[in-house]
2 protein chains.
Amino acid sequence: MELSATAKVILGMLAMGPRSGYEIKSFADHSTRYFWTASYGQIYPELRRLADAGLIEGTDEPTGARQRTVYRLTKAGRHELGKWHELPPEVFEYRDEWMLKLFFAGAVDPERAAEIARGRAELSRVTADELREVESRAEGNDPASYTVLRFGIDFNEFIADWFERQAAALGEGVPLEKLEKRAERV
Amino acid sequence: MELSATAKVILGMLAMGPRSGYEIKSFADHSTRYFWTASYGQIYPELRRLADAGLIEGTDEPTGARQRTVYRLTKAGRHELGKWHELPPEVFEYRDEWMLKLFFAGAVDPERAAEIARGRAELSRVTADELREVESRAEGNDPASYTVLRFGIDFNEFIADWFERQAAALGEGVPLEKLEKRAERV
DNA sequence: TTCGCCATGTAATGTGTTACATGATTGT
DNA sequence: ACAATCATGTAACACATTACATGGCGAA
């Protein structure tokens with residue numbers, strides 16, 4: 001059975017414990033979203049498909065009159081998740097508009113190159129800060145998921161440092177002190 | 001005017017010089033594909049749309065009886081490209097199945113974590129080698145596009161080194177970072 | 001003559017986001 | 001009473017890949 005992108009994240013999260021669709025989404029927004037997103041428009045229909053296929057099962061657990069369905073893995077679901085997990089990963093997608101603009105800068109507007117590099121550095125600096133926030137709130141992480149988080153932090157810091165150096169090298173009319181201040185923040 | 005993802009790469013490449021759809025595709029396959037892909041199914045329809053909108057114009061330049069249409073930017077196209085280039089970049093997408101599997105390894109199969117980390121390292125090592133190949137064939141790169149290439153190499157090497165270290169640590173059941181922090185505290 | 005490359009294009013299918021729509025509960 | 005959050009779901013639209021389909025050219 002072929003699992004959709006959203007099925008993979010749903011099954012994985014249910015392996016960590018029973019959850020509602022809403023909880024899957026909000027957990028994803030604080031964890032996997034940096035490398036694997038999921039939207040309601042995908043989650044709810046997929047939850048239904050997975051239940052129809054017998055990989056998960058939902059039980060009604062309302063809060064007062066507020067409807068709520070909590071899903072958990074079935075034996076078949078756990079088996080399917082295990083089969084997927086054993087397979088060599090295949091999906092790797094990276095699309096970065098900063099890189100595209102920088103790539104064309106020479107033919108479009110060479111003066112802009114350093115500015116783009118600085119912007120890219122800043123983006124990764126902000127992302128690293130967000131991830132450090134996630135890290136400070138995380139409790140009892142197992143080694144593997146902590147590794148993923150740590151990778152996010154280190155790799156974004158690497159990118160930020162790298163492009164700050166390049167922005168200086170690509171040389172433009174930004175006062176040096178501004179670059180230096182940014183470098184000090186590391 | 002809103003440019004589609006494919007319009008951006010087409011316009012940028014035509015700014016470097018006139019090209020056929022086929023040439024745009026093969027150039028993209030050797031340059032932007034690492035951060036911005038384009039397929040024939042998008043390129044040819046988009047070429048028609050851009051020509052209809054007056055941003056590019058095509059002239060018939062067949063090779064013998066083999067049909068061939070070479071496109072170049074119009075004044076309006078160059079203007080539109082410039083407007084896009086000035087805007088702060090917005091698209092950043094990163095989807096990595098290795099990270100997803102590693103993230104769930106604790107709940108699915110902890111023994112597999114080190115293996116996934118090693119696989120991820122290997123993937124980036126191979127990509128870095130491919131990019132070094134591209135670098136050796138590249139001639140007369142302008143500083144900005146060379147920066148993009150160099151970034152690809154350095155960042156993939158960083159990832160490969162990082163995950164090789166982690167694979168060793170995960171093999172022992174503890175991520176490196178945690179060991180280091182523990183050592184610092186003592 | 002066959003293979004690899006040049007060259008253009010369409011159709012089916014899949015994937016995913018965004019906006020919309022509805023309504024309950026909790027804390028201030 | 002209001003805002004934030006909990007909670008579920010659909011419809012329209014956009015985007016992209018893959019497979020398919022066609023055919024010429026040049027070299028071994």
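Chain identifiers are assigned alphabetically (A, B, ...) following the order of the sequence lines, protein sequences preceding nucleic acid strands; residue numbering begins at 1 within each chain.
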Atom-pair distance ([atom1] on [X]; [atom2] on [N]), nearest Å:
X: B:Phe92; N: C:dT17; atom1: CZ; atom2: P; result: 15 Å
X: B:Asp29; N: C:dA7; atom1: CG; atom2: P; result: 15 Å
X: B:Tyr71; N: C:dA7; atom1: OH; atom2: P; result: 13 Å
X: A:Tyr44; N: D:dA11; atom1: OH; atom2: P; result: 16 Å
X: A:Glu61; N: D:dC6; atom1: CD; atom2: C1'; result: 15 Å
X: B:Trp36; N: D:dT17; atom1: CH2; atom2: P; result: 11 Å
X: B:Ile43; N: C:dA7; atom1: CD1; atom2: C1'; result: 12 Å
X: B:Glu93; N: C:dT18; atom1: CD; atom2: C1'; result: 14 Å

The side chain of [X] lies closest to which of these nucleotides: [options]?
X: B:Gln42; options: D:dG9, C:dT17, D:dC15; result: D:dC15
X: A:Ala65; options: C:dA7, C:dT17, C:dT25; result: C:dT25
X: A:Ser39; options: D:dT10, D:dA16, C:dT18; result: C:dT18
X: B:Arg66; options: C:dT8, D:dG23, D:dT8; result: D:dG23
X: B:Thr37; options: D:dA16, D:dT17, D:dT8; result: D:dT17
X: A:Glu23; options: D:dA7, C:dG9, D:dT8; result: D:dA7
X: A:Arg95; options: C:dG16, C:dG9, D:dA16; result: D:dA16
X: B:Thr69; options: C:dT17, C:dA7, C:dT8; result: C:dT8

At under 4.0 Å, does any side-chain N or O of [X] touch on OP1 or OP2 of [N]?
X: B:Arg68; N: D:dG24; answer: no
X: B:Tyr22; N: C:dC6; answer: yes
X: A:Ser20; N: D:dT8; answer: yes
X: B:Tyr40; N: C:dG9; answer: no

Can you confirm if the aromatic rings of A:Phe151 and B:Trp162 lie within a centre distance of less than 6.0 Å?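 Yes: the rings meet the under 6.0 Å criterion.
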Closest contact, heavy atoms only, A:Ala113 versus B:Ala144: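 It is CB-CB, 4.1 Å.
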Indicate yes or no for a side-chain donor-acceptor contact from B:Thr69 to the backbone of B:Thr59 under 3.5 Å, with no hydrogens or angles considered.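 Not confirmed, B:Thr69 side chain does not pair with B:Thr59 backbone.
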Are the side chain of A:Trp36 and the backbone of A:Ala28 linked by a donor-acceptor contact shorter than 3.5 Å?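 Judged by distance alone, no pair lies under 3.5 Å.
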Which sits closer to the 5' end of DNA chain C, B:Gln67 or A:Ala5, going by the nucleotide each is nearest to?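 Its nucleotide being nearer the 5' end, the pick is B:Gln67.
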5′-ward residue of the pair B:Leu47/B:Ser26 relative to DNA chain C: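 Its nearest nucleotide being more 5', the pick is B:Ser26.
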Would you call the rings of B:Phe155 and A:Phe155 parallel, tilted or perpendicular, taking 30° and 60° as the class edges?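 Tilted, since the angle between the ring planes falls between 30° and 60°.
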Students often mix this up, so state it plainly: with edges at 30° and 60°, are the rings of A:Phe92 and B:Tyr94 parallel, tilted or perpendicular?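 Rings of A:Phe92 and B:Tyr94: perpendicular, as their planes differ by over 60°.
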Quick one: on DNA chain D, does A:Gly21 or B:Ala38 contact a more 5' nucleotide (nearest heavy atom)?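 Its nearest nucleotide lies further toward 5', so the answer is A:Gly21.
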By the 4.0 Å heavy-atom rule, please label B:Gly64 as base, sugar-phosphate, or nothing.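 Sugar-phosphate, backbone atoms only, no base.
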